Structures are given as structure tokens and as C-alpha cells.
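Reviewing the structure listed below.
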Amino acid sequence: MEEIDIKLRADGIQKKVTSPGKGELSTFPDGTKVKFHYHTSLCDGTVLDDSRTMGGHSKPMELILGKKFKLPVWEQVVTTMREGEIAEFTCDVMHTALYPLVSRSLRNISHGKDPLEGQRHCCGIAQVHSHHSMGHPDLDKLQANPQPLVFTLEMLEILPPGSFQLEIWAMTDEEKMQAIPHIHEDGNALFKSGDITAAAEKYYSAIACLKNLQMKERPGDDHWIKLDLMITPLLLNYCQCKNLLGQYYEVLEHCSSIINKYDDNVKAYFKRGKAHAAVWNEAEAKADFARVIELDPSLETSVAKELRAMEDRIREKQKEEKGRYKNLFNYSSKASAAASTG
């Protein structure tokens with residue numbers, strides 16, 4: 001450990017162990033996954049971030065080593081730690097210049113936002129030296145005046161390569177392509193078991209993965225089209241879930257995007273027709289269902305069932321509204337009579 005401490009000090013890092021942890025020190029080959037809590041502060045004790053309270057909940061950091069995380073010093077210091085160890089690392093400015101960017105991404109994630117929200121399309125160093133606000137006064141101040149930081153880390157878990165399933169964001173393009181069919185199957189299994197929300201999340205995960213790959217291709221090229229043809233059935237499954245969950249306007253948006261590209265997609269018209277019917281767009285629903293029969297006459301019975309259900313709902317709604325207006329009229333008449341005899 002003394003040799004590690006000497007190397008850290010030579011790199012402008014001072015380590016102070018407050019709890020030694022257990023077991024042997026891992027060799028940390030690339031692909032190792034580490035989970036740890038972090039507490040970041042200025043040298044005067046001012047707290048910037050704490051993974052136990054960020055966003056109103058406790059969520060540890062997960063890193064896969066060798067994936068070029070934006071804050072290399074975290075990859076460096078965690079490889080000096082055992083499971084269960086708690087240590088304080090005081091790091092020179094050369095290691096902390098990019099922390100405002102990393103912190104903003106972590107704060108966005110903790111609030112369910114896009115981690116890249118608010119970032120300009122330029123490299124990290126350029127952003128650090130720009131006058132663009134980080135959206136957080138403390139990070140703006142740190143960006144304008146870079147200084148050493150203290151990272152207090154608690155190592156929760158060290159998982160060797162191959163002992164865990166990679167998150168999509170950590171996969172190579174090839175690994176993503178191999179994972180898609182399995183994610184699709186997982187979604188189908190969840191759907192069949194009745195866990196519609198979890199199925200939708202699986203489909204969405206696969207769609208996001210494919211969209212990420214598609215962004216690297218020129219629109220209309222062979223590989224772009226191939227990826228789009230993989231996205232479409234996943235998106236239709238996702239819309240099926242959203243229809244069942246009552247999120248009809250999202251279905252309208254996604255099905256319309258499919259129809260704009262593939263105007264003979266029967267499933268997109270059918271699901272969009274159901275969504276239109278659910279939000280009382282009677283004319284639009286009938287137009288979509290008519291297109292379904294035009295494209296596939298064998299679905300006439302299914303369409304007829306949907307149209308009957310829509311008409312029944314419309315009649316029921318009209319009946320409710322009629323009763324509501326009748327009660328309102330009776331109330332108004334009684335109120336007028338009471339006023340005239342008062």
C-alpha cells in the first residue's frame with residue numbers, strides 16, 4: 001500500500017483511508033465494474049455532491065474500467081481500493097478541471113434528465129474555458145476558478161469482467177447488435193406475463209440502442225435502413241404497451257412517424273386507429289381502420305369489433321353528457337324558482 005500511496009502523491013493525489021475494507025486488492029483488469037458512493041467537496045469542506053442524497057435518493061456510482069470515463073482520476077483512485085473500503089482522495093487541479101461537466105451530468109441523471117442536457121457541441125476542455133453557464137451556481141464558480149477537490153469514496157462492490165450483464169451504454173456497437181434480439185425477447189416475455197410497464201421499458205431500451213447506432217449512419221444508406229427495419233417492430237410493440245397503459249398521444253406520435261416512412265404498415269394504422277378512438281378522434285379512427293381493411297381485408301372482423309367498441313363508448317359518453325346537462329337544467333330551474341319566491 002505504501003508503494004501505491006507514493007505513486008498517488010507523485011500524481012498529485014493524497015489518499016487517507018478511514019476504513020480499510022476487506023479481502024485482497026483486485027488487479028482491476030479493463031472491463032471490471034465498480035460500484036461506489038462518492039462525496040465531493042472543496043478543500044474548505046463545502047459539499048458539491050453526495051451520491052447518497054443527490055436527486056432526493058441514494059444511488060451509487062457505477063463505472064466500467066477502461067471505457068474512458070470523463071473523469072480519469074476516479075478510474076485511477078478506485079483501483080487502489082478494496083471492497084468495503086472508505087477513503088478520502090485530495091486531488092490537484094490537473095485532475096479536477098472537468099469535474100463541473102461530470103457533476104452536471106450526474107445531477108441531470110439523478111433527476112431523470114438527459115445527462116447531456118445543456119451541453120454545447122464542443123469538447124470538454126472547450127466547455128470548461130467557455131463562459132457558458134452550467135445551470136448550477138456552485139459549478140459555474142468552480143468552472144471559473146478550478147481548484148483541488150476532495151473525493152470521499154466508499155467501495156461497495158467490485159465485479160470482474162464477465163460476471164455481470166453490461167448496461168447498453170457500456171457496450172461496443174457489435175455487443176449492442178448482439179444484445180438487441182435478447183432484449184426484444186425479454187420484452188415479449190414480460191408482455192406475455194402481464195408486466196406491461198416493464199415490457200415497455202425493455203422495448204424502449206432496445207429502440208434507444210438502435211437509434212444510437214443509426215445516428216452514426218447516413219440516412220437512407222443500406223445499414224441505416226436495416227437498423228430502421230429493426231426499430232419498427234420494436235416501436236410497434238412499445239406502442240402496444242402504451243395503448244394498454246392509456247398513453248394514447250405517445251402512440252399517435254410514434255405510429256404517425258412509422259406511417260410517414262412506411263405507408264403500408266398495417267399494424268401502425270391499426271394501433272393508431274385504436275389510439276384515435278380512445279381520445280375521441282372518431283373521424284381519424286375510422287380513416288385509419290378503413291386503411292387497415294384496404295391493406296389487409298382479413299382484418300375486417302377485428303376492425304368491426306374496434307368500431308363497435310368505439311361507437312358504444314361514444315353513445316355512453318353522449319348519454320352521460322345528456323344526463324349531466326339535464327341535472328344542470330333542473331338545478332338551474334329550482335334555483336330560479338327559489339329566488340323568485342324568496
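Bear in mind the structure is a predicted one, so any value in this text is a computation, not a measurement. Numbering starts at 1 and runs along the sequence shown.
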If you define the side chain from C-beta out and look only at heavy atoms, does anything of [X] sit under 4.5 Å from [Y]?
| X | Y | value |
| --- | --- | --- |
| Thr40 | Val150 | no |
| Arg107 | Ile109 | no |
| Leu229 | Lys226 | no |
| Thr90 | Cys43 | yes |

Does either side chain, that of [X] or that of [Y], offer a donor lying less than 3.5 Å from an acceptor on the other one?
| X | Y | value |
| --- | --- | --- |
| His37 | Asp50 | no |
| Lys15 | Thr80 | yes |
| Asp296 | Ser298 | yes |
| Asn237 | Tyr204 | no |
| Asp49 | Tyr99 | yes |
| Lys271 | Asn243 | no |

Take a 6.0 Å sphere around [atom1] of [X] and say whether it holds more than 12 heavy atoms from other residues, nucleotides or ligands.
| X | atom1 | value |
| --- | --- | --- |
| Asp221 | CG | yes |
| Tyr249 | OH | no |
| Lys59 | NZ | no |
| Lys216 | NZ | yes |

Quick one: does any side-chain atom of [X] pair with a main-chain N or O of [Y] as donor and acceptor, under 3.5 Å?
| X | Y | answer |
| --- | --- | --- |
| Thr79 | Gln76 | yes |
| Glu75 | Gly66 | yes |
| His136 | Ser103 | no |
| His184 | His182 | no |
| Asn265 | Ala268 | yes |

Is the shortest side-chain N to carboxylate O distance from [X] to [Y] below 4.0 Å?
| X | Y | value |
| --- | --- | --- |
| Lys7 | Glu3 | no |
| Lys317 | Glu320 | no |
| Arg9 | Asp92 | no |

Open item on the list: Under the side-chain contact (heavy atoms from CB on, under 4.5 Å) test against Ile180, which residue among Leu234, Ile207, Ile231 passes?
Closed with: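 Only one option passes, and that is Leu234.
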
Compare every heavy atom of [Y] with every heavy atom of [X], then report the nearest pair and how far apart it is.
| X | Y | result |
| --- | --- | --- |
| Phe89 | Met81 | CE1-SD, 3.8 Å |
| Arg272 | Ser256 | NH1-OG, 3.1 Å |
| Arg218 | Trp224 | O-CB, 3.4 Å |
| Cys91 | Ile13 | SG-CG2, 4.1 Å |
| Glu83 | Ile158 | OE2-N, 2.9 Å |
| Ala199 | Gly187 | CB-O, 3.4 Å |

Task: Those residues that, when tested against Glu300, pass salt bridge (Lys or Arg N to Asp or Glu O under 4.0 Å) (two or more places apart) - done: none

For the [atom1] atom of [X] and the [atom2] atom of [Y], what is their distance to the nearest 0.5 Å?
| X | Y | atom1 | atom2 | answer |
| --- | --- | --- | --- | --- |
| Leu142 | Met134 | CG | CE | 8.5 Å |
| Leu190 | Ile196 | CG | CD1 | 9.0 Å |
| Leu48 | Leu149 | CG | CG | 6.0 Å |
| Arg104 | Ser133 | CZ | OG | 8.0 Å |
| Thr18 | Leu153 | OG1 | CG | 10.0 Å |
| Cys255 | Lys242 | SG | NZ | 13.0 Å |

TODO: Could you walk me through whether Thr96 and Leu98 pass the side-chain contact (heavy atoms from CB on, under 4.5 Å) test, one step at a time?
DONE: CA-CA 6 Å; Thr96 63; Leu98 288 177; over 6 Å; no

Open item on the list: For Asp44 and Thr46: C-alpha separation, side-chain torsions, deciding distance, then whether side chain to side chain donor-acceptor pair (under 3.5 Å) applies.
Closed with: CA-CA 6 Å; Asp44 65 6; Thr46 302; 2.8 Å; yes

TODO: May I have the step-by-step check of salt bridge (charged side-chain N to carboxylate O under 4.0 Å, His left out) for Asp312 and Arg315, ending in yes or no?
DONE: CA-CA 5 Å; Asp312 288 345; Arg315 278 195 295 272; 2.5 Å; yes

Open item on the list: In terms of relative ring orientation, are Trp74 and Tyr38 parallel, tilted or perpendicular, with 30° and 60° separating the classes?
Closed with: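 Because their plane-to-plane angle lies in the 30° to 60° range, the rings of Trp74 and Tyr38 count as tilted.
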
Are [Y] and [X] connected in a single hydrophobic cluster, I mean Ile/Leu/Val/Met/Phe/Trp/Tyr linked by side-chain heavy atoms less than 4.5 Å apart?
| X | Y | value |
| --- | --- | --- |
| Leu71 | Met54 | yes |
| Val73 | Phe28 | yes |
| Leu227 | Leu236 | yes |
| Ile225 | Met177 | yes |
| Phe151 | Leu42 | yes |

TODO: Could you identify which residues cluster with Tyr269, counting Ile, Leu, Val, Met, Phe, Trp and Tyr as linked when any side-chain heavy atoms lie under 4.5 Å apart, either directly or through a chain of such contacts?
DONE: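 Direct or chained contacts put Tyr269 with Ile259, Val266, Phe270, Trp280, Phe289, Val292, Ile293, Leu295, Leu299, Val303, Leu307, Met310, Ile314.
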
Task: Check against side-chain contact (heavy atoms from CB on, under 4.5 Å), Phe36 and Glu62 - done: CA-CA 7 Å; Phe36 59 93; Glu62 297 186 10; over 6 Å; no

TODO: Verify side-chain contact (heavy atoms from CB on, under 4.5 Å) between Leu63 and Met61, making sure each step is shown before the conclusion.
DONE: CA-CA 7 Å; Leu63 273 185; Met61 181 70 188; 3.9 Å; yes

Open item on the list: Go through it in stages, so that I can follow the logic: the residues are His39 and Glu88, the test is side-chain contact (heavy atoms from CB on, under 4.5 Å), and I'd like the CA-CA distance, side-chain angles, deciding distance and then a yes or no.
Closed with: CA-CA 9 Å; His39 176 283; Glu88 183 182 282; over 6 Å; no

Task: Full working for salt bridge (charged side-chain N to carboxylate O under 4.0 Å, His left out) between Glu24 and Arg82 - done: CA-CA 7 Å; Glu24 295 296 318; Arg82 295 179 169 85; 5.2 Å; no

Task: Derivation of the salt bridge (charged side-chain N to carboxylate O under 4.0 Å, His left out) call for Glu311 and Arg308 - done: CA-CA 5 Å; Glu311 287 162 2; Arg308 280 196 302 273; over 6 Å; no

Open item on the list: Lys305: which residues meet the side-chain hydrogen bond (donor to acceptor under 3.5 Å, both in side chains) condition with it, sequence neighbours left out?
Closed with: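 Result, side-chain hydrogen bond (donor to acceptor under 3.5 Å, both in side chains) vs Lys305: none returned.
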
Task: is_close_aromatic(His254, Tyr238), centroid dist under 6.0 Å - done: yes

